[in-house]
Amino acid sequence: MTRSTSSPNYRQQTKAVLAGEAVDPITGASTPSIVMSNSFVVSEPQGFSINSFDEERPYIYTRWDNPTVQVLEGKLASLENAEDCACFGSGMAATAAVLHGFLSSGDHIVASDVHYAGASELIRSLKGSINVDSTRVDTSDLDMVEDSIRPGKTKLIWTETPSNPLLKITDLRALADLATKYQARLVVDSTVATPIATRPIELGVDLVVHSLSKYIGGHGDAIGGAVAGSRELVEHLRTTERVHIEGILSPFNAWLIARGTTTLPVRMKAHSTNAMQVAEFLEQHPRVSRVLYPGLPNHPGHELAKAQMDCFSSLLSFCVSDGPELAKRLPKVLNVIHYAVSLGSYRSLIYWLPTDEMLATAYLLDEELSQRYRSMAGEGIFRLAVGLEDPRDLCEELDQVLST
Ligand SMILES: Cc1ncc(COP(=O)(O)O)c(C=O)c1O
């Protein structure tokens, strides 16, 4: 059985199609089939523990390895320019695998002040569950990161760029240098960027985490997660966390997500073009007081985003006068856009994130970081994940709801 391989000589659009796939030797099928079998017939007796196998182990049981999941792992490793990739049942399972797989009692983690709320809550809970202290910092502020590092104790730095929901941009190369200086591993949740915009491994990041439920799957119909990185680190997660603890990805979802991945490069181009048009529209709307989108020249991380990203993706946030009132009305008046959580689907999704609630539940930041959050989000933001509809229809609908 072959592990995920990368195909570095092809460009991203070709890799998205080719990588991980092979013509079925029995049927000649050109596109990957779904292998749903739990068990695999082996040609000779095998051991009963994954620890007794090397990387070339045969397929034995789908919780260990599965051919359809491997198609997806091959595509993602190739797109990320990583040696290897392991898939999980959700982005949160991938997140938990990294945290539990590389932290132990007495360690310390430095994490972004604002990133995906579920990951933020999980990192905070590590103190009670495995005695790991965490410190929150604005990872776009490198001095603040360095001040928070406890040499010898800080084993992991966790960041997300662009960050959900404030769209802050972190300089991954500079942060990787800092992590190396203090012998900590740098992990980035690159769900919003996708490998089409940014390839963190090329910038010195150790592990890249994705929620595959977003742009990579792309159709809002399958939950999944992945971690890409060196063969050694990923194999550790595969043979410890995935086999024994964190949720595996079903082959059916892997098939759906791999199918989505083949069109990721073209979708990301369309997502980014649409988002730019919507962001520019919102920026000039009289009711909108602020738009946060890294593609806009006035975004504080715009220059860095231009250097670090090949496109700006399609997540944006905006503030309006009397946001709570609009938030109440929005679910009842939208037609093109859905009032729903999540991002990265072909369908545009919008959601209201009230600042007081976000700070009291997901983030629990200190005074200084809370002030930084408020200075960007005001009393609340509407997070809009721009989809693949015609952007003129999106702008017209937004204009209608903002003007009444
Ligand atoms: C940036 C980011 N990372 C991770 C996750 C968690 O992913 P999942 O929902 O697949 O567990 C999410 C979910 O919204 C997310 O937005």
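One-based numbering, in listed order, for ligands and for the atoms of each.
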- Message: When you compare the side chains of N298 and E283, does any donor N or O come within less than 3.5 Å of an acceptor on the partner?
- Response: yes
- Check whether more than 12 heavy atoms from other residues, nucleotides or ligands sit under 6.0 Å from atom CZ of F281, and answer yes or no. yes
- Message: Using the side chain to side chain donor-acceptor pair (under 3.5 Å) criterion, which residues pair with S90? Sequence neighbours excluded.
- Response: none
- To the nearest 0.5 Å, what is the distance between OG (S314) and CZ (R267)? 10.0 Å
Tabulation required: pairs of a nitrogen or oxygen in ligand 1 and a protein nitrogen or oxygen under 3.5 Å; columns are atom names and distance to 0.1 Å; otherwise 'none'.
unit_1	atom_1	unit_2	atom_2	d
ligand 1	3 (N)	D189	OD2	2.6
ligand 1	7 (O)	S211	OG	3.1
ligand 1	10 (O)	G91	N	2.8
ligand 1	10 (O)	S211	OG	2.8
ligand 1	10 (O)	S213	OG	2.6
ligand 1	11 (O)	G91	N	3.1
ligand 1	11 (O)	M92	N	2.9
ligand 1	14 (O)	K214	NZ	2.7
ligand 1	16 (O)	N164	ND2	3.0

- Query: Say you draw a straight line from CD1 of I60 to CG of D65; how long is it, rounded to the nearest 0.5 Å?
  - Reply: 9.0 Å
- Message: To the nearest 0.5 Å, what is the distance between CD1 on I196 and CD on Q12?
- Response: 5.0 Å
